[in-house]
Amino acid sequence: MNIIFLGPPGAGKGTQAQRICSALSIPQISTGDILRRAMKEGTETGLKAKKFIDAGQLVPDEVIIDIVKERLAQDDCGKGYILDGFPRTVPQAEALDTFAKIDCVIELSVDDQVLVNRLSGRRVCLKCGATYHVSMLGEKTTCDVCGEELIQREDDKAETVLNRLKVYHTQTAPLIGYYERKGLLRKVDGDQEVDAICGAILKTLGVRA
Ligand code: AMP
């Protein structure tokens, strides 16, 4: 099954994609993770992307479309995949239609106020992508999964968060109508416990938990 996770930053796309991918044994394709890895490695793409990401802006469509096209052509995507963070603009969705057949789009909806709180308190592991919230970390500063030091993403800082939400509402939210018109959109309430959201997504996908 080829699935898109759509939703504002902080809606829980990454956390849920990780769980659903492991339940379905399919890869999670997070464009944010790919770009952050490229930035860490200092590749040409990483250097190009950095100024957009740090400002809370989207990287140019042509950069991200090529990355996704190449990634979906790899063998492990043959059985299906979850796209987490792509597409984020209508031109990206139109490009995707030329090289992929999407079966379902899960929209995770969450109020802006909840998102601001989630994002500004988020800490991430740059090695494995695991995410945490400061309210649950206490004194802990390392990742439970791989032991790496946790960081606050530059773009999770308060001013940038507001900008990212603005970008979501203007550039990405039109995709809700785009996929609704194609009959592919399924809405899931993202303001619940992580397990409840996961259960709701599996039910929507017709998979038994
Ligand atoms: P994320 O981890 O999905 O929140 O992505 C972090 C940042 O990476 C975004 O704020 C954008 O700057 C960039 N990014 C990730 N995916 C895309 C995309 N599909 N199109 C443009 N920029 C993206």
Side-chain angles (χ1 to χ4, degrees), residues 2-18 20-21 27-41 43-72 81-100 102 105-108 110 112 114-116 118-133 150-176 178-179 190:
N2 302 337
I3 305 163
I4 291 173
F5 274 16
L6 186 63
K13 298 187 298 295
T15 304
Q16 294 299 333
Q18 214 167 15
I20 307 292
C21 281
Q28 169 188 5
I29 299 172
S30 157
T31 43
D33 282 350
I34 294 172
L35 292 169
R36 277 184 291 279
R37 215 169 300 129
M39 273 166 36
K40 200 175 172 199
E41 288 165 2
T43 66
E44 200 183 318
T45 303
L47 294 174
K48 223 187 284 180
K50 185 172 171 28
K51 63 175 188 292
F52 296 100
I53 293 179
D54 286 351
Q57 301 290 345
L58 297 181
V59 307
D61 286 337
E62 62 276 13
V63 174
I64 202 78
I65 288 167
D66 282 350
I67 290 174
V68 173
K69 190 174 180 182
E70 231 172 80
R71 180 64 188 88
L72 295 190
Y81 46 80
I82 292 181
L83 283 169
D84 154 20
F86 181 93
R88 260 177 154 100
T89 64
V90 171
Q92 289 180 18
E94 288 168 347
L96 181 65
D97 285 340
T98 68
F99 57 82
I102 298 302
V105 178
I106 301 284
E107 183 209 345
L108 280 175
V110 182
D112 277 10
V114 176
L115 295 170
V116 171
R118 277 191 194 174
L119 289 168
S120 52
R122 180 161 73 174
R123 297 295 178 271
V124 300
C125 171
L126 274 189
K127 192 169 173 198
C128 74
T131 62
Y132 303 84
H133 193 271
L150 299 175
I151 60 139
Q152 179 176 37
R153 280 168 43 176
E154 202 52 47
D155 60 345
D156 278 347
K157 296 191 174 154
E159 333 70 79
T160 316
V161 163
L162 294 177
N163 202 27
R164 288 166 68 203
L165 287 175
K166 203 162 106 196
V167 166
Y168 174 78
H169 289 298
T170 54
Q171 300 195 57
T172 307
L175 292 178
I176 296 170
Y178 182 90
Y179 287 116

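When a ligand or atom number is given, it counts from 1 through the structure's own listing order. Quick caveat: nothing in here was measured; it's all calculated off a predicted structure.
Of all atoms in ligand 1, listed by their number and element, those nearer than 4.0 Å to a heavy atom of Arg153 are 1 (P), 2 (O), 4 (O), 6 (C). The distance from ligand 1 to the heavy atoms of Ile64 drops below 4.0 Å at these ligand atoms: 18 (C), 19 (N), 20 (N).
Summarising the contacts of atom 3 (O) of ligand 1 with Arg88, Gln92, Lys13, the nearest heavy atom is found in Arg88.
Side-chain polar atoms of Thr160 and Asp155 form no donor-acceptor pair below 3.5 angstrom. For the 3.5 Å distance criterion, the side chains of Asp112 and Tyr168 fail to qualify, holding no donor opposite an acceptor.
Among all non-hydrogen protein atoms, the one lying nearest atom 13 (C) of ligand 1 is Leu35 CD1, 3.6 Å. Protein heavy atom nearest atom 22 (N) of ligand 1, with residue, atom name and distance: Val59 N, 3.1 Å. Counting only heavy atoms of the protein, atom 16 (N) of ligand 1 lies nearest to Thr31 OG1, 2.8 Å. Nearest protein heavy-atom neighbour of atom 11 (C) of ligand 1: Gln57 O, 3.6 Å.
Arg36 has a carboxylate O that lies under 4.0 Å from a charged side-chain N of Asp33, or vice versa, which qualifies the two as a salt bridge. With respect to the salt-bridge test (charged N to carboxylate O, under 4.0 angstrom), the residues Arg123 and Asp156 do not qualify.
In terms of N/O distances under 3.5 Å, ligand 1 is approached by Arg36. Between Phe86 and ligand 1, no N or O atom pair is found at a separation short of 3.5 Å.
No side-chain heavy atom of Gln28 sits under 4.5 Å from any side-chain heavy atom of Tyr81.
Within the 4.0 Å heavy-atom criterion, both parts of Leu58, backbone and side chain, lie near ligand 1.
For Lys157, the NZ atom counts as densely surrounded, since its 6.0 Å shell holds more than 12 non-hydrogen atoms of other residues, nucleotides or ligands.
A distance-only check finds no donor-acceptor pair linking the side chain of Asp84 to the backbone of Ile4 [under 3.5 Å].
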